[in-house]
Amino acid sequence: DNANDMSRRKQDSNYVRWLCYRSTGFAVGSDKEYCWVPCEDSEDDRVYVQAELVSKNEKEFTSKDDSGKSKKWVMNEKNFMGVNPKKFDGVEDMAELGHLNEPSVLHNIRKRYDVELFHTYSGLFLVIINPYKRLPIYTDEMVGLYTGRRRDQIAPHVFALADTAYRAMLQN
């Protein structure tokens, strides 16, 4: 009875909202192929935009931007970077991304940030983006939700890493 009451309190809590990472509904299917291309409106050559891939061969490719404008590009690492399928938008672990280039990583982090998901794994590492606002995600209740859980059982969070490290110290 006490366990059921505790479980009900956790479900009714606002904190559970912060743990519903897997059901955010990021993915929207598309049969089009996309690529990252340098942003022509920026003086910084490290800024990329997503464009539809119209055609490609070994030497060049053609992309179409959001306004419908097409452009031919020389096929090289600077001009062409792959975009992950939409089903990978907002993944909890960026190690799952097939294209692990800078624009794809930043895109994934941005997708998660836009829905207030500030913790993202990148393989063994945890990336945390500061939301610059108070959130109920660093409380004793949250510590309790992460205690004793494996990484694949719960959403990315610094408490998950802390609990894993603590358990490893106890075993070794």
Side-chain angles (χ1 to χ4, degrees), residues 17-133 135 137-138 142 146 149-165 168:
R17 176 171 105 81
W18 303 107
L19 301 177
C20 296
Y21 291 12
R22 285 181 171 78
S23 61
T24 53
F26 285 114
V28 175
S30 175
D31 56 350
K32 296 179 181 178
E33 190 176 350
Y34 293 89
C35 59
W36 294 107
V37 295
C39 178
E40 295 181 317
D41 296 337
S42 176
E43 293 177 16
D44 188 342
D45 65 349
R46 297 173 299 169
V47 177
Y48 288 82
V49 295
Q50 203 172 107
E52 182 182 343
L53 183 61
V54 177
S55 65
K56 74 176 179 177
N57 61 42
E58 296 169 358
K59 296 180 181 178
E60 65 183 20
F61 69 98
T62 304
S63 68
K64 183 167 58 171
D65 64 18
D66 289 340
S67 68
K69 178 181 156 192
S70 293
K71 179 172 179 177
K72 282 192 181 222
W73 301 83
V74 174
M75 180 65 85
N76 61 34
E77 288 180 9
K78 182 180 181 287
N79 290 340
F80 182 89
M81 291 193 203
V83 169
N84 294 294
K86 295 286 185 196
K87 70 179 185 176
F88 290 102
D89 278 356
V91 293
E92 290 181 349
D93 189 344
M94 291 185 289
E96 296 175 30
L97 300 176
H99 298 286
L100 199 56
N101 52 51
E102 188 174 355
S104 292
V105 166
L106 293 174
H107 175 75
N108 188 67
I109 291 171
R110 178 58 187 248
K111 285 287 194 183
R112 293 179 59 76
Y113 183 90
D114 286 347
V115 292
E116 298 186 336
L117 303 176
F118 307 112
H119 300 80
T120 308
Y121 289 123
S122 183
L124 297 175
F125 300 96
L126 179 66
V127 178
I128 304 172
I129 304 298
N130 188 343
Y132 295 102
K133 62 182 174 181
L135 298 170
I137 58 176
Y138 299 112
M142 288 294 278
Y146 280 89
R149 299 261 182 107
R150 289 191 330 262
R151 178 177 158 164
D152 63 338
Q153 293 177 317
I154 195 134
H157 197 285
V158 69
F159 292 158
L161 289 182
D163 188 65
T164 301

Out of curiosity, Leu117 CG to Ile129 CD1, how far, rounded to the nearest 0.5 Å? 12.0 Å
Side chains of Phe80 and Asn101, heavy atoms from C-beta outward: is any pair under 4.5 Å? no
Given 3.5 Å as the limit, does a donor-acceptor pair link the side chain of Asn79 with the main chain of Val74, or not? yes
For Tyr34 against Lys32, the heavy-atom pair lying closest together: OH-CD, 3.6 Å
Close side-chain approach of Met94 and Val127, heavy atoms under 4.5 Å: yes
Side-chain heavy-atom pair Leu135, Phe118 within 4.5 angstrom cut-off: yes
Any donor and acceptor pair, going by atom type alone, linking the side chain of Asp93 with main-chain N or O of Glu96 inside 3.5 Å? no
Can you name the residues that form a salt bridge (Lys or Arg N to Asp or Glu O under 4.0 Å) with Asp44, not counting sequence neighbours? Arg46
Please name the pair of heavy atoms, one in Tyr48 and one in Lys78, separated by the smallest distance, quoted to 0.1 Å. OH-O, 2.9 Å
With a cut-off of under 6.0 Å to the ring centre and 45° to the axis, is Lys111 in cation-pi contact with Phe88? no
Shortest non-hydrogen pair, Pro156 vs Glu92, comes out as CD-CD, 3.6 Å
Of all heavy-atom pairs between Ser63 and Val54, which one has the smallest distance, and what is that distance? C-CG2, 4.1 Å
Could you tell me whether the side chain of Tyr121 reaches within less than 4.5 Å of the side chain of Leu126, counting heavy atoms only? yes
Non-hydrogen side-chain atoms of Asn57 and Met75 separated by less than 4.5 Å: no
Using modelled atom types and a 3.5 Å cut-off, is there a donor and acceptor pairing between side-chain atoms of Asn108 and backbone atoms of Asp89? no
Report yes if the side chains of Cys39 and Val49 come closer than 4.5 Å at any heavy-atom pair, otherwise no. yes
Under a 3.5 Å distance rule, please check whether Tyr146 uses its side chain to pair with a backbone N or O of Ala155 as donor and acceptor. yes
CD1 of Ile154 to CE of Met142, rounded to nearest 0.5 Å, is 7.5 Å
Taking salt bridge (Lys or Arg N to Asp or Glu O under 4.0 Å) as the definition, give me every residue that meets it alongside Glu60, ordered by chain and number, with sequence neighbours left out. Lys72
So which atom in Asn84 and which in His99 form the shortest heavy-atom distance, rounded to 0.1 Å? OD1-N, 2.7 Å
About how many Å separate NZ of Lys69 and NZ of Lys64, when rounded to the nearest 0.5 Å? 14.0 Å
Below 4.0 angstrom, N of the basic side chain to O of the carboxylate: do Lys133 and Glu116 qualify? yes
Quick one: does Arg149's side chain get under 4.5 Å of Asp163's, heavy atoms only? no
Examine distances only and state if a side-chain atom of Thr164 and a backbone atom of Ala160 form a donor-acceptor pair shorter than 3.5 Å. yes
Do Ile137 and His119 have side-chain heavy atoms sitting under 4.5 Å apart? yes
Rounded to the nearest 0.5 Å, how far apart are NZ of Lys71 and CD of Glu40? 3.5 Å
